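Contents: one structure, followed by commentary.
These numbers come from a predicted model, not from an experiment. In what follows, chains carry the letters A, B, and so on, assigned in the order in which the sequence lines appear, proteins first and then strands, with residues in each chain numbered from 1.
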Amino acid sequence: MPIEVKNLVHVYMPGTPFEAHALKGVSLAVRDGEFVGIIGHTGSGKSTLISHLNGLEKSEPGAVFVNGMDLGDKGADLIAVRRAVGLVFQYPEYQLFEETVAKDVAFGPSNLKLPAEEIERRVSEAILRVGLDPSVSDKSPFELSGGQKRRVAIAGVLAMQPSILILDEPAAGLDPAGRREMLSLIRNIHDSGTTVVMVSHSMDDVGRCCDRLFVLNRGEIAFSGTPAEVFLHDEALHGMGLDVPECAKLANRLRREGFDIPEGLFREEEVCAAILNHLGKGGKQPC
Amino acid sequence: MSNPIIEAHNVCFQYEDAAAPAVKDVSLTVEAGEFVAILGRNGSGKSTFAKLLNALLLPTGGTLRVNGLEARTEDDCYEVRRSCGMVFQNPDNQIVATIVEEDCAFGLENLGTPPEEIRRRVDEALLDVGMAEQAGASPSMLSGGQKQRVAVAGVLAMRPRIIVFDESTAMLDPVGRRDVFELARRLNREEGITIVWITHFMEEAALADRLLVMDRGRVALAGAPREVFAQVDRIMKLGLDVPEMMKLAARLRRAGVKLPEGIMTVDEMAVELCRLK
Ligand SMILES: Nc1ncnc2c1ncn2[C@@H]1O[C@H](COP(=O)(O)OP(=O)(O)OP(=O)(O)O)[C@@H](O)[C@H]1O
Ligand SMILES: Nc1ncnc2c1ncn2[C@@H]1O[C@H](COP(=O)(O)OP(=O)(O)OP(=O)(O)O)[C@@H](O)[C@H]1O
Ligand SMILES: [Mg+2]
Ligand SMILES: [Mg+2]
């Protein structure tokens, strides 16, 4: 199992008037090769949760296992864990600091004490993989657009060749074209065998990309399941600051208006097919 | 009857050392009480234009009049900033105090507003954005989304005539996003505050009175959301998208369902489909 979280607790500033119980006993498991989504209202604990997944934060009580290794163990090899788990923070472009793109991407692998050729190979491969033109390598990251900077930050994480990639709102702030490209990049990375965990506020995006969702509410897991299973709880989700994808909203609305539309549909093509079916045009032309 | 509150004539802005202007020959008018959304790909000049409206930057060419005033002196700039409030993309850049309610009071205190008036407006604004419970909390304890709501409250407390929201919902959860958007619409409708709403969410843009699409510093497209989104190829070439319901409508039409043009929202789609039921 790539990731196993057991009864994870996180309290910020314990014992002060500002004490905040960000995680109150969270348990979850991510299976090999899965694409998992984490959704939850602002302040629900998503960023706190993922900061535990590469040993950046420690939990007492509770435990986090990465590839079977208990991160709380005194002897845990945290270097191996950071190699296995690639963490892309919220707005990672603010953390670019090197004078060239290539140097920024090389920062992680350089710390692995790899031979220079290997580092170079990984850097140029990662830059290509995120869809950047190799000619940007020698540019300053600060000359790039927001979407390009985001890709540089992701390339830096990919250059570590993680087997698990965790992204905190990777498409936030990108224009719609940038968002589409970013999601297709992440899907490609997943398709090539990487386990992916993505935090997002976009129900449409997690619906499109994820095999399974975990819903965080006030530091606890409220629901988990396939997107279709989770989106069934539209009213409960709404009460937790969340929503369902646009097409699911329409399907639910039409069902209330007496349309014969099965529950659990949220993809455009399946909602379209159900509407055509109801209108008696189902056989005419498939969606 | 025309009552322009923002008048831009060939407005240009070039950052120091930049190879090209970030805003180029922008001419447009926003009527008092309008709700205008600005769209455009990353780097197209939206935030730069927003900062010009707020006199944080001054045009390097052309003329820009906001609430009847062209910012020429320092005093003008303060006056413009009072009448044109701004909520930024990144809340960390605008939170200054160590307690939420003090942060909201900051602008009013600078204006010398009486304490009881400050108290009333701050309480009301925090309630409006759903942060009343955290009035005494430290902003550093809040998550990104919560900070953003505090920033909105701080601007609301100033009661400006225009509020520019520069991607203020980008970090919020769906309900928070809708709450802030609805708040802006309510302020627009009930108090007549002019809203300039910069966003990458097409569903929000669909609900504006008018859209301006920027591309490489210029206004590339302008018009009612329905007219603008009807130009699907242009929209996609400009790095944007059309609302989900427009895509579904196109798909249904291809399959032979007779739907009128211009369906953009779930409500509109549901109403039309119920007619066919
Ligand atoms: N450094 C900190 N110090 C104190 N409290 C914190 C800190 N960071 C987060 N918190 C609190 O912990 C809780 C969880 O925050 P977290 O950032 O994990 O939420 P999130 O789900 O990632 O939110 P968002 O969607 O806004 O990014 C919130 O209540 C927040 O106020
Ligand atoms: N402080 C600055 N100094 C120099 N150039 C800048 C500065 N701020 C922005 N630019 C450049 O000006 C252009 C317009 O940027 P602006 O931030 O206005 O775009 P935007 O439309 O708001 O993009 P986004 O959707 O990413 O927020 C870009 O090419 C950008 O790189
Ligand atoms: Mg977060
Ligand atoms: Mg911007």
Note to self: Salt bridge check, K247(B) against E268(A): does any charged N sit closer than 4.0 Å to a carboxylate O?
What the structure shows: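 No, E268(A) and K247(B) are not salt-bridged.
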Next item on the list: Indicate yes or no: does D243(A) engage R178(B) in a salt bridge with an N to O separation below 4.0 Å.
Entry: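 Yes.
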To check you understand the geometry: which heavy-atom pair defines the closest contact between [X] and [Y], and what is its length?
| X | Y | value |
| --- | --- | --- |
| D173(B) | G241(A) | OD1-O, 3.2 Å |
| A270(B) | L254(A) | CA-CD2, 4.1 Å |
| H201(A) | P174(B) | O-CG, 3.6 Å |
| L273(B) | L279(A) | CD2-CD1, 4.3 Å |

Next item on the list: Find the one option among E169(A), Q148(A), M203(A), R180(A) whose heavy-atom pairs under 4.5 Å with chain B are most numerous.
Entry: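 Option with the greatest count: R180(A).
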Next item on the list: For each of G258(A), C247(A), G173(A), A172(A), tally heavy-atom pairs with chain B at distances under 4.5 Å, and name the one with the top tally.
Entry: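 Ranked by contacts with chain B, first place is G173(A).
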Notebook entry, point to check: Given the options L276(B), L39(B), D267(B), T199(B), which has more heavy-atom pairs under 4.5 Å with chain A than any of the others?
Noted result: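 Result: the option with the highest number of such pairs is D267(B).
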Quick one: pull up [atom1] in [X] and [atom2] in [Y] and give me the separation to the nearest 0.5 Å.
| X | Y | atom1 | atom2 | value |
| --- | --- | --- | --- | --- |
| M13(A) | S138(B) | CE | OG | 6.0 Å |
| R251(B) | I275(A) | CZ | CD1 | 11.0 Å |
| C272(A) | L248(B) | SG | CG | 6.0 Å |

Notebook entry, point to check: Would a 4.5 Å heavy-atom cut-off, applied to side chains only, mark L242(A) and V175(B) as touching?
Noted result: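 No, every pair of side-chain atoms sits at 4.5 Å or beyond.
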Check: Going by heavy atoms in the side chains, are F201(B) and P176(A) under 4.5 Å from each other?
Finding: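 No, side chains not in contact.
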Item checked: Polar side-chain atom of D175(A) near backbone of N42(B) as donor-acceptor pair, under 3.5 Å ->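 Judged by distance alone, yes, a pair lies under 3.5 Å.
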Margin query: Counting neighbours of CD on E99(A) that are heavy atoms of other residues, nucleotides or ligands and sit closer than 6.0 Å, is the number greater than 12?
Written below: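 No.
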Check: Should we say atom CZ of R218(A) is surrounded by more than 12 heavy atoms from elsewhere, each under 6.0 Å from it?
Finding: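 12 or below, so no.
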Margin query: Quick check on the structure: residues of residues 232-246 of chain B within a heavy-atom distance below 4.5 Å of chain A, by number.
Written below: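 Residues of residues 232-246 of chain B touching chain A at under 4.5 Å: M236(B), G239(B), L240(B), D241(B), E244(B), M245(B).
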Next item on the list: Under 4.5 Å heavy-atom distance to chain B, tell me which part of L174(A) shows up: side chain, backbone, both or neither.
Entry: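 Answer is both: backbone and side chain atoms of L174(A) are under 4.5 Å from chain B.
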Checklist line | Working for side chain to side chain contact (heavy atoms under 4.5 Å, CB included), residues V266(B) and E246(A) | finding: CA-CA 7 Å; V266(B) 170; E246(A) 289 285 291; 3.6 Å; yes
